[in-house]
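Residue numbering restarts at 1 for every chain, and letters A, B, ... go by the order of the sequence lines. Quantities reported herein were computed from a predicted structural model and do not represent experimental measurements.
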Amino acid sequence: MEVSKHARIWQVVSMIPTGKVATYGQVARMAGLKNHSRMVGSVLSQLPPHSGLPWHRVINSKGRISFPQSSPQYNKQKQLLLAEGIKFIADKIPLSSYQWHAEESA
DNA sequence: CCACTGACCAAGA
DNA sequence: TTCTTGGCCAGTG
């Protein structure tokens, strides 16, 4: 049977370990959806509040949170990441944190 | 089918 | 490093 893209993205995001992050692009690739990074964001944006999915561990390719700093969403995500021990340097997350290059463990 | 949008990305200037 | 451009592709109206 064919698992929906939505479900595969959901699955991949749920696998991101605490204290680590992954980019939208990485999630898309690991879900087998090479150029669908935008859809990852789309799926997360439609996520219900009690999903239990670690959506905050997904950031953009520049190592930054993909929300305007002025938004409450930005602070929310940043707080959740800080709580997991992830460091921010000038609002950017160092490579060592999203170094979850276990992409082939799908 | 067309036009527009989006929690994206990579390459250039 | 910041801004622009072109490319991606599924949703939506």
- Query: Can you find a pair of side-chain heavy atoms, one from Leu47(A) and one from Leu44(A), that are under 4.5 Å apart?
  - Reply: yes
- Trp55(A): ring pair (Phe, Tyr, Trp, His ring centres under 6.0 Å) partners, not counting sequence neighbours: none
- Task: Kindly indicate whether the side chain of Val13(A), heavy atoms from C-beta on, has any atom under 4.5 Å from the side chain of Pro54(A).
- Result: yes
- Mind checking what makes side chain to side chain donor-acceptor pair (under 3.5 Å) contact with Thr23(A), not counting sequence neighbours? none
- Task: Sequence neighbours left out, what pairs pass ring-ring contact (aromatic ring centres under 6.0 Å, His included) with at least one residue falling in residues 5-28 of chain A?
- Result: His6(A)-Trp10(A)
- Across all chains, not counting sequence neighbours, the side-chain contact (heavy atoms from CB on, under 4.5 Å) partners of Ala83(A) are none
- Query: Is a donor on one side and an acceptor on the other found under 3.5 Å between the side chain of Gln77(A) and the backbone of Val58(A)?
  - Reply: yes
- Message: Just to verify, what does Lys78(A) make a salt bridge (Lys or Arg N to Asp or Glu O under 4.0 Å) with, not counting sequence neighbours?
- Response: Asp91(A)
- The reported gap from CG in Asn60(A) to CD1 in Ile65(A) (rounded to nearest 0.5 angstrom) is 9.0 Å
- Message: For residues 40-50 of chain A, which residue pairs pass the side-chain hydrogen bond (donor to acceptor under 3.5 Å, both in side chains) check, not counting sequence neighbours?
- Response: Ser42(A)-Gln46(A)
- Message: Run the side chain to side chain donor-acceptor pair (under 3.5 Å) test against Glu84(A) and tell me which residues pass, sequence neighbours left out.
- Response: His56(A), Arg57(A)
- Which nucleotide of DNA chain B is the first, and which the last, in the 5' to 3' direction, to come under 4.0 Å of a heavy atom belonging to chain A? dG6(B) to dA10(B)
- Item | Where chain A begins and ends its contact with DNA chain C, read 5' to 3' at 4.0 Å from heavy atoms | dG7(C) to dA10(C)
- Message: Can you list, in residue-number order, the parts of residues 31-50 of chain A that come under 4.0 Å of DNA chain C, counting heavy atoms only?
- Response: Asn35(A), His36(A), Arg38(A), Met39(A)
- Message: I need the full list of salt bridge (charged side-chain N to carboxylate O under 4.0 Å, His left out) pairs touching residues 58-73 of chain A, with sequence neighbours left out, sorted by first then second residue.
- Response: none
- Query: For atom C1', what is the distance between dG13(C) and dA7(B), given to the nearest Å?
  - Reply: 22 Å
- Taking only heavy atoms on the protein side, list every residue of residues 65-87 of chain A lying under 4.0 Å from any atom of DNA chain B, sorted numerically. Ser66(A), Phe67(A)
